[in-house]
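Model, not experiment: these values are computed from the prediction.
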Amino acid sequence: MHDIANLAEGTSHAGIGRRLEAVRHLFGLNQTAFAERLGFPRRTYLSWEKGGITPSAAFLERLVEEFQVDPIWLLRGPGDRPRYNGSTIDWDRMHRLHTVVHDMMIDLKRKPTAAQTSILVKGLYEVFPTEEVDAVRRLREALGTTG
């Protein structure tokens with residue numbers, strides 16, 4: 001089993017801080033409210049967000065429980081856009097997203113391979129469910145401009 005230090009090896013503390021801030025903003029919380037919701041003192045949380053130290057395992061557990069954030073993404077990235085911790089697959093949601101992508105492709109007169117469709121569905125599934133509508137809109141716009 002890896003400990004937090006091993007998982008974060010080679011990871012910039014500033015990157016972790018940026019990703020924590022992105023999660024906090026996604027849920028519309030200020031630093032105090034975010035820290036309180038997770039059960040940690042604001043001062044401790046600020047040291048993590050400002051990139052001073054790597055968050056504790058207890059904090060990561062609470063973050064996953066409360067906000068369904070992928071803890072590996074938090075520690076290593078890539079990127080600053082929060083990733084949903086979809087370790088258990090919601091097959092109804094996956095099917096719905098597949099149907100959305102399939103219908104979109106037909107509407108755009110595209111004929112993607114099964115692998116291409118899977119990649120698009122996976123990308124949509126990895127966003128937080130609350131951001132799905134915007135993600136589908138952005139995908140449609142992107143696909144519409146490449147045709």
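Of the possible donor and acceptor atoms, none in the side chain of Arg138 sits under 3.5 Å from a partner among the backbone N and O of Val133.
Atom CG in Leu26 sits 9.0 Å away from atom CZ in Phe67 (nearest 0.5 Å). Atom CZ of Phe59 sits about 12.0 Å away from atom OG1 of Thr54, to the nearest 0.5 Å. Distance check: Asn85 CG to Leu74 CG gives 11.0 Å after rounding to the nearest 0.5 Å. The CG atom of Leu20 sits 10.5 Å away from atom CD of Gln31, with the distance rounded to the nearest 0.5 Å.
Residues that satisfy the side chain to side chain contact (heavy atoms under 4.5 Å, CB included) test with Ala58, not counting sequence neighbours, are Phe40, Ser56. By the side chain to side chain donor-acceptor pair (under 3.5 Å) test, Asp107 is found to be paired with Arg140, residues two or more places apart in sequence or in another chain being considered. Here Arg137 pairs with Glu141 under the side chain to side chain donor-acceptor pair (under 3.5 Å) rule; sequence neighbours left out. Not counting sequence neighbours, the partners of Thr130 by the side chain to side chain contact (heavy atoms under 4.5 Å, CB included) test are Phe128. Take Thr32 and apply the side chain to side chain donor-acceptor pair (under 3.5 Å) test, not counting sequence neighbours, and it matches Arg42. In this structure, the side chain to side chain contact (heavy atoms under 4.5 Å, CB included) partners of Thr44, at least two apart in sequence or on a different chain, are Pro41, Trp48. The ring-ring contact (aromatic ring centres under 6.0 Å, His included) test applied to Tyr45 returns Phe34, not counting sequence neighbours. For Val100, the side chain to side chain contact (heavy atoms under 4.5 Å, CB included) partners are Met104, Val136, not counting sequence neighbours. With sequence neighbours left out, Glu65 forms a side chain to side chain donor-acceptor pair (under 3.5 Å) with Arg62. Taking Arg37 as the reference, Glu66 meet the salt bridge (charged side-chain N to carboxylate O under 4.0 Å, His left out) condition, with sequence neighbours excluded.
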Should Met105 and Leu120 be marked as a side chain to side chain contact (heavy atoms under 4.5 Å, CB included) after you check the CA-CA gap, both sets of side-chain angles, and the distance that decides it?
-> CA-CA 11 Å; Met105 292 304 194; Leu120 295 173; 3.0 Å; yes
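You'll find the side chain of Leu60 reaches within 4.5 Å of the side chain of Leu75, heavy atoms only. A 4.5 Å side-chain heavy-atom check between Arg83 and Pro78 finds at least one atom pair inside the cut-off.
Classification of Arg18 and Glu49 as a salt-bridged pair fails, no side-chain N sitting under 4.0 Å from a carboxylate O.
For residues 92-106, the pairs satisfying salt bridge (Lys or Arg N to Asp or Glu O under 4.0 Å) are Arg93-Glu132, Arg96-Glu132, with sequence neighbours left out.
Around atom NE2 of His102, no more than 12 heavy atoms belonging to other residues, nucleotides or ligands sit under 6.0 Å away.
In this structure, Val64 is not a member of the same hydrophobic cluster as Val127, with clusters built from ILVMFWY side-chain heavy atoms closer than 4.5 Å.
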